Enquirer: 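Below is one structure. I have some questions about it.
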Amino acid sequence: MGLRDDIDLDLISSYCGLLSLATLSIYAGSFASLYCQKVQEEDDEDDEIVERLTKEDAWLFPVMGSGVLLSLYLILKYLGKEWINYILGWYFAFIGIGSVWKLGKIVDTTLKWRTPALLLFPVSLAPSLIFLFYKGESKLLNALVNNAFGISFSHNALALMKLDSFVTGTILLCGTRRMNIFLATSLDLPMKILWPKSMRFSTERGFTLLGLGDIVVPTPYFKAALTAYITGLTMTMVVMHTFRAAQPALLYLSPACVLSFVITGWRRGELKDAWAWSDDPAAEKANKDKQEKSE
């Protein structure tokens with residue numbers, strides 16, 4: 001038996017496809033965030049307050065997540081997951097229309113196609129209709145619709161969600177792992193991206209999956225963070241493949257992304273300033289005043 005026969009090329013191709021899809025989502029969403037920031041800066045309504053996710057909000061995530069997980073567990077235990085899938089399925093189908101439409105508008109504006117917004121609506125409506133009424137027709141079609149939702153959700157989150165500091169992003173990285181695993185694996189909802197375990201896109205062996213909470217890079221050093229993300233996700237897949245057991249990707253991604261920030265900041269001599277950086281003008285001014293007093 002040759003080496004080629006020992007290597008599961010179908011499974012490896014699935015890993016590569018999932019890694020490429022996640023990396024592309026992060027790359028596109030990160031650049032879209034720059035565009036959205038530029039649009040906000042050019043907005044005439046200068047007095048409008050921009051909402052940002054703060055450290056206090058981030059600390060609440062694990063608490064709120066624990067409450068949500070307990071509630072979902074009790075519903076699963078006593079009522080079955082069919083109720084959750086049905087109710088949340090309609091919810092995600094509804095918000096998915098707006099999410100896919102928003103993604104289409106961002107892509108259209110970025111590429112300067114100038115497509116009328118109303119023409120994008122039927123395209124945005126299609127994934128929701130398929131998800132609700134044609135779900136059992138084809139596993140591959142289900143996966144494509146799931147990915148359409150997943151990519152649009154992650155892209156809009158990266159493009160539109162604003163963190164007030166890197167500290168907030170670090171707290172989120174450390175506090176959302178358990179909830180991400182539960183939503184990605186326990187419920188039949190578009191909270192993950194999928195790739196078939198086949199080079200021919202056959203669905204007989206099922207799919208590899210990645211939760212949407214794993215598509216994150218909260219750091220000011222983009223190139224270093226993206227490299228760390230690819231390394232961390234590759235390590236996840238290597239361990240999963242070696243031990244034949246599913247792995248929580250954030251267990252590897254969180255330290256990889258945080259370490260990339262620390263090492264890059266330390267090598268540039270910017271670690272202290274980068275850690276103290278804040279996107280909140282009031283907090284930034286307070287930090288500057290504090291540094292001036294200490295000097």
Side-chain angles (χ1 to χ4, degrees), residues 19-20 22-38 40-41 50-62 65 154-178 180 210-239 247-295:
L19 177 62
S20 301
T23 304
L24 181 62
S25 297
I26 289 174
Y27 187 86
S30 299
F31 276 90
S33 68
L34 296 177
Y35 172 79
C36 292
Q37 182 177 357
K38 181 180 178 181
Q40 284 186 344
E41 291 175 352
V50 178
E51 293 292 335
R52 293 175 175 84
L53 197 65
T54 65
K55 288 183 289 186
E56 290 74 17
D57 298 327
W59 283 118
L60 284 175
F61 262 66
S154 60
H155 186 279
N156 288 323
L158 287 168
L160 302 175
M161 187 173 68
K162 290 185 174 295
L163 306 181
D164 69 341
S165 66
F166 178 75
V167 178
T168 301
T170 304
I171 297 171
L172 286 176
L173 271 178
C174 299
T176 58
R177 178 170 62 89
R178 188 169 298 177
N180 180 56
L210 185 69
L212 296 189
D214 299 323
I215 305 179
V216 286
V217 183
T219 175
Y221 302 117
F222 178 71
K223 292 182 180 179
L226 190 61
T227 302
Y229 179 86
I230 295 173
T231 303
L233 192 54
T234 301
M235 181 66 69
T236 305
M237 294 175 176
V238 169
V239 174
Q247 299 292 314
L250 283 180
L251 184 64
Y252 304 88
L253 294 175
S254 296
C257 291
V258 173
L259 284 175
S260 72
F261 164 80
V262 173
I263 293 173
T264 306
W266 174 73
R267 289 188 61 184
R268 293 185 176 186
E270 304 169 348
L271 182 57
K272 184 178 179 180
D273 292 335
W275 184 258
W277 171 85
S278 175
D279 192 37
D280 187 350
E284 184 71 12
K285 185 177 183 300
N287 286 332
K288 287 183 179 180
D289 294 341
K290 185 177 180 181
Q291 291 177 0
E292 291 175 357
K293 290 181 180 178
S294 63
E295 293 174 357

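Quick caveat: nothing in here was measured; it's all calculated off a predicted structure.
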Enquirer: Closest heavy-atom contact between Pro255 and Leu250?
Expert: CD-O, 3.8 Å
Enquirer: Please enumerate all residues that pass side-chain contact (heavy atoms from CB on, under 4.5 Å) together with Thr234, with sequence neighbours excluded.
Expert: Leu19, Ile230, Val238
Enquirer: Identify, with sequence neighbours excluded, every residue that meets side-chain contact (heavy atoms from CB on, under 4.5 Å) alongside Val258.
Expert: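 Listed in chain order: Thr170, Leu173, Val262.
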Enquirer: Applying side-chain contact (heavy atoms from CB on, under 4.5 Å), name anything that partners Gln247, two or more places apart in sequence or on another chain.
Expert: Thr236, Val239, Met240, Ala245, Tyr252
Enquirer: To the nearest 0.5 Å, what is the distance between CG (Leu253) and CG (Leu210)?
Expert: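 So the gap between those two atoms works out to 7.5 Å.
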Enquirer: Return the minimal non-hydrogen interatomic distance between Ser260 and Ala228, and the atom names on each side.
Expert: CB-CB, 3.5 Å
Enquirer: How would you list, by chain and number, every residue that makes a side-chain contact (heavy atoms from CB on, under 4.5 Å) with Ala274, sequence neighbours excluded?
Expert: Tyr221, Phe261
Enquirer: Check the angle between the aromatic planes of Phe166 and Trp275 and answer parallel, tilted or perpendicular using the 30° and 60° thresholds.
Expert: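 It falls in the perpendicular class, over 60°.
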Enquirer: Using side chain to side chain donor-acceptor pair (under 3.5 Å) as the criterion, list what pairs up with Thr264, not counting sequence neighbours.
Expert: none
Enquirer: Find the distance between CG (Asp214) and OH (Tyr229) and round it off to the nearest 0.5 Å.
Expert: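 Nearest 0.5 Å value for the CG-OH distance: 6.0 Å.
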Enquirer: Would you please name every residue forming a side chain to side chain donor-acceptor pair (under 3.5 Å) with Ser154, sequence neighbours left out?
Expert: none
Enquirer: Does any donor atom in the side chain of Ser20 or Thr23 lie under 3.5 Å from an acceptor atom in the other side chain?
Expert: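 No donor-acceptor contact under 3.5 Å links the two side chains.
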Enquirer: Grab the two heavy atoms, one from Ile215 and one from Ala22, that are nearest each other, plus how far apart they are.
Expert: CG2-O, 4.1 Å
